[in-house]
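Scroll down for the structure; my scribbles are underneath it.
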Amino acid sequence: MHFRPLHDRVVVRRIEALEKTAGGIIIPDTAKEKPQEGEVVAVGPGARDDAGALIPLDLKPGDRVLFGKWSGTEVKIAGEDLLIMKESDILGVIETAASFKKAA
């Protein structure tokens, strides 16, 4: 099954947090908060401005992003738990050191 979001919506897969603290303490599932980091799975074509022109999204599949704690709508697609949210709910893209070197 393939899901294509509409307008300026984005499908995100949560990236699970580590199960241990830096000191080696194991955190049980009941004490863990839901991660606020994820990977973009699919993006819509973009929103339309007042004149009807398409404004494409800045995100692409594969981007690692941070989003607000209560952002998005949780859905299950093809047995996988995903989030659908508007691009404006995403706080930013996490870039690696390698991507900084390419841009310079």
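What you see is a predicted model; the values in this text were computed from it and never measured. Both backbone and side-chain heavy atoms feed into the values below; hydrogens, waters and symmetry mates do not. Numbering starts at 1 and runs along the sequence shown.
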Legend entry - Residues in salt bridge (Lys or Arg N to Asp or Glu O under 4.0 Å) contact with Arg13, at least two apart in sequence or another chain: Glu39, Glu80
Legend entry - Cluster overlap Leu57 with Ile55, hydrophobic side-chain contacts below 4.5 Å: no
Inset, instruction - State which residues pass salt bridge (Lys or Arg N to Asp or Glu O under 4.0 Å) with Asp89; sequence neighbours excluded, sorted by chain then number. - result: none
Inset, instruction - Check the hydrophobic clustering (I, L, V, M, F, W, Y; side-chain heavy atoms under 4.5 Å; chains of links allowed) and say if Leu91 and Ile84 are grouped together. - result: no
Legend entry - side chain to side chain contact (heavy atoms under 4.5 Å, CB included) partner of Arg9, the single match among Arg4, Glu87, Lys86, Met85: Lys86
Legend entry - Identified side chain to side chain contact (heavy atoms under 4.5 Å, CB included) partner of Val11 from the options Leu83, Leu82, Val40: Leu82
Inset, instruction - Compare every heavy atom of Pro5 with every heavy atom of Val43, then report the nearest pair and how far apart it is. - result: C-CG, 3.5 Å
Inset, instruction - Calculate, to the nearest 0.5 Å, the distance between atoms CD and CD1 belonging to Gln36 and Ile90 respectively. - result: 13.0 Å
Inset, instruction - Report yes if the side chains of Phe3 and Val75 come closer than 4.5 Å at any heavy-atom pair, otherwise no. - result: no
Inset, instruction - Mind listing the closest non-hydrogen atom pair of Leu6 and Pro45 along with its distance? - result: C-CD, 4.3 Å
Legend entry - Among Val65, Val12, Ile94, the one residue meeting side chain to side chain contact (heavy atoms under 4.5 Å, CB included) with Glu37: Ile94
Inset, instruction - Only counting residues at least two apart or in another chain, list the ones meeting salt bridge (Lys or Arg N to Asp or Glu O under 4.0 Å) with Asp81. - result: Lys76
Legend entry - Pairs satisfying side-chain hydrogen bond (donor to acceptor under 3.5 Å, both in side chains), at least one member in residues 48-62, at least two apart: Lys60-Asp63
